[in-house]
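Read through the structure below, which is laid out as structure tokens, and then see the notes.
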Amino acid sequence: RFFPNITAIPPWHLPNTTSIAPWDAFTKFAGCQSGEVRDGLSKLKQYFSNFGYIPNSPSNFSDKFDDELEKALKTYQQNFNLNVTGQLDDKTLQQIVRPRCGNADIVNGTNSMNSGKSSSFHTTGHFHTTAH
Amino acid sequence: YTFFPGTPIWPANRRDLTYGFLPANGLTDEVKAVFTRAFEKWSAVTPLTFTQTDSFSSADIKIAFYSGDHGDGEPFDGVLGTLAHAFSPTNGRFHLDQDENWVVSGDVTRSDLPSSVDLESVAVHEIGHLLGLGHSSVEDAIMYPTISARTKKVELATDDIEGIQLLYGSNPNYNGSTTTSNTQERETNDGEA
């Protein structure tokens with residue numbers, strides 16, 4: 001669906017898109033605590049798995065808020081400059097449900113998104129880093 | 001900025017790259033022009049050049065819109081959610097979700113369609129992946145992973161330019177003046193700027 005000059009299209013000509021975005025349902029987990037079991041929490045784990053925050057991708061994640069989810073949350077919060085709480089707070093969930101690129105943030109377990117330094121090249125025998 | 005593991009780049013003998021569109025998508029010249037503008041953002045700061053070709057099969061960069069499962073193990077999910085993905089050098093595959101409401105021109109921030117997504121903004125981001133950049137945690141950077149609906153963000157930030165110039169060097173004509181961090185945003189949910 002392509003919209004040339006969308007601001008010139010009368011609103012009544014635009015399609016009715018009231019469908020819920022795929023991740024909007026995650027907002028219902030606000031305030032969910034470690035150890036709790038919530039229906040659908042496995043889908044949030046699948047989300048984190050898709051973007052590299054949970055390294056293994058079992059065929060069926062559990063609906064329990066376990067240590068693996070808490071660890072994934074902390075890494076995600078660090079990468080997106082959020083308070084690192086390991087909890088499903090409102091700001092974290094607002095970030096999670098945003099549309100995004102499908103490429104993983106963490107590839108092959110290597111997370112350099114918010115490491116403070118970005119590794120670049122081995123050049124003349126020493127490891128060179130560049131500050132952000 | 002970050003790089004993919006192993007820091008893959010286009011080799012020195014492949015710096016003049018071609019891009020082609022999946023013929024089955026039947027894209028108009030107006031849509032194709034959006035990608036041309038997106039490639040120009042990166043060629044302005046690097047020695048890389050990008051030329052459109054009619055031969056999809058032989059193009060270095062293959063641009064295609066797909067819906068749902070399209071065979072690469074990364075299915076699209078309908079309106080919003082995942083918008084697009086692209087592969088690291090020298091794979092060249094650039095896939096976009098056909099089900100999005102892509103805005104090609106006009107002011108996307110004034111759109112009455114809540115799920116409007118600015119095509120050029122997403123294209124500039126994905127080209128960064130095709131050239132070897134990973135995601136950045138700098139919110140103003142093009143390579144930041146998320147973009148809200150009805151948002152336009154097409155100018156490379158300092159973080160993007162530093163990253164890509166570490167990989168390929170600078171365009172001899174680049175004088176630093178294209179570095180901007182202007183981000184036009186209109187959030188759909190929380191009203192944040």
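Sequence lines set the chain letters: A, B, ... in the order given, protein chains first and strands last, and positions in each chain run from 1. Keep in mind it's a predicted model, so treat the numbers as computed, not measured.
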**Message:** Less than 4.5 Å to any heavy atom of chain B: does that hold for the side chain of A/F51, its backbone, both, or neither?
**Reply:** side chain

**Asked** Which bit of B/Y144 is near chain A, if near means a heavy-atom gap under 4.5 Å: side chain, backbone, both or neither?
**Response** side chain

**Prompt:** Looking at A/G102, A/A104, A/P22, which makes the most heavy-atom pairs under 4.5 Å with chain B?
**Reply:** A/P22

**Partner residues of B/D160 under the salt bridge (charged side-chain N to carboxylate O under 4.0 Å, His left out) criterion, sequence neighbours left out** = none

**Request:** Could you pull out the closest heavy-atom pair between A/G40 and A/D63, with the gap in Å?
**Result:** N-OD1, 3.4 Å

**Carboxylate-amine/guanidinium contact B/R14 B/D60, below 4.0 Å** = yes

**B/D118 bridged to B/K152 by N-O distance under 4.0 Å** = yes

**Prompt:** Where is the tightest heavy-atom contact between B/H135 and A/M113, given as atom of each residue plus distance?
**Reply:** O-CG, 3.3 Å

**Asked** Between B/H85 and B/H125, is the ring centre distance below 6.0 Å?
**Response** no

**Request:** For chain B, find its close neighbours in residues 80-89 of chain A: heavy-atom separation under 4.5 Å, sorted by number, or none.
**Result:** A/F80, A/N81

**Request:** Return the set of residues passing ring pair (Phe, Tyr, Trp, His ring centres under 6.0 Å) with A/Y53 (not counting sequence neighbours), or none when no residue passes.
**Result:** A/F48, A/Y76

**Asked** Under a 4.5 Å heavy-atom cut-off, does chain A meet the side chain of B/P145, its backbone, both or neither?
**Response** both

**Message:** Quick check: under 4.5 Å, non-hydrogen atoms only, which of residues 19-39 of chain B neighbour chain A?
**Reply:** B/L27, B/E30, B/V31

**Request:** Could you tell me which non-hydrogen atom of A/R98 sits nearest to which non-hydrogen atom of B/S148, and how far apart they are?
**Result:** NE-OG, 3.5 Å

**Message:** Check B/K41 with B/E155, please: is the shortest side-chain N to carboxylate O separation under 4.0 Å?
**Reply:** yes

**Request:** Please report the closest heavy-atom contact between A/N103 and B/F4, naming both atoms and the distance.
**Result:** ND2-CZ, 4.1 Å

**Request:** Using a strict 4.0 Å threshold on nitrogen-to-oxygen distance, state whether B/D112 and B/R150 make a salt bridge.
**Result:** no

**Request:** With a 4.5 angstrom heavy-atom cut-off, could you sort out which part of B/S88 is near chain A: side chain, backbone, both or neither?
**Result:** neither

**Prompt:** Taking the side chain as C-beta and beyond, is there a heavy-atom pair between B/D69 and B/F76 under 4.5 Å?
**Reply:** no

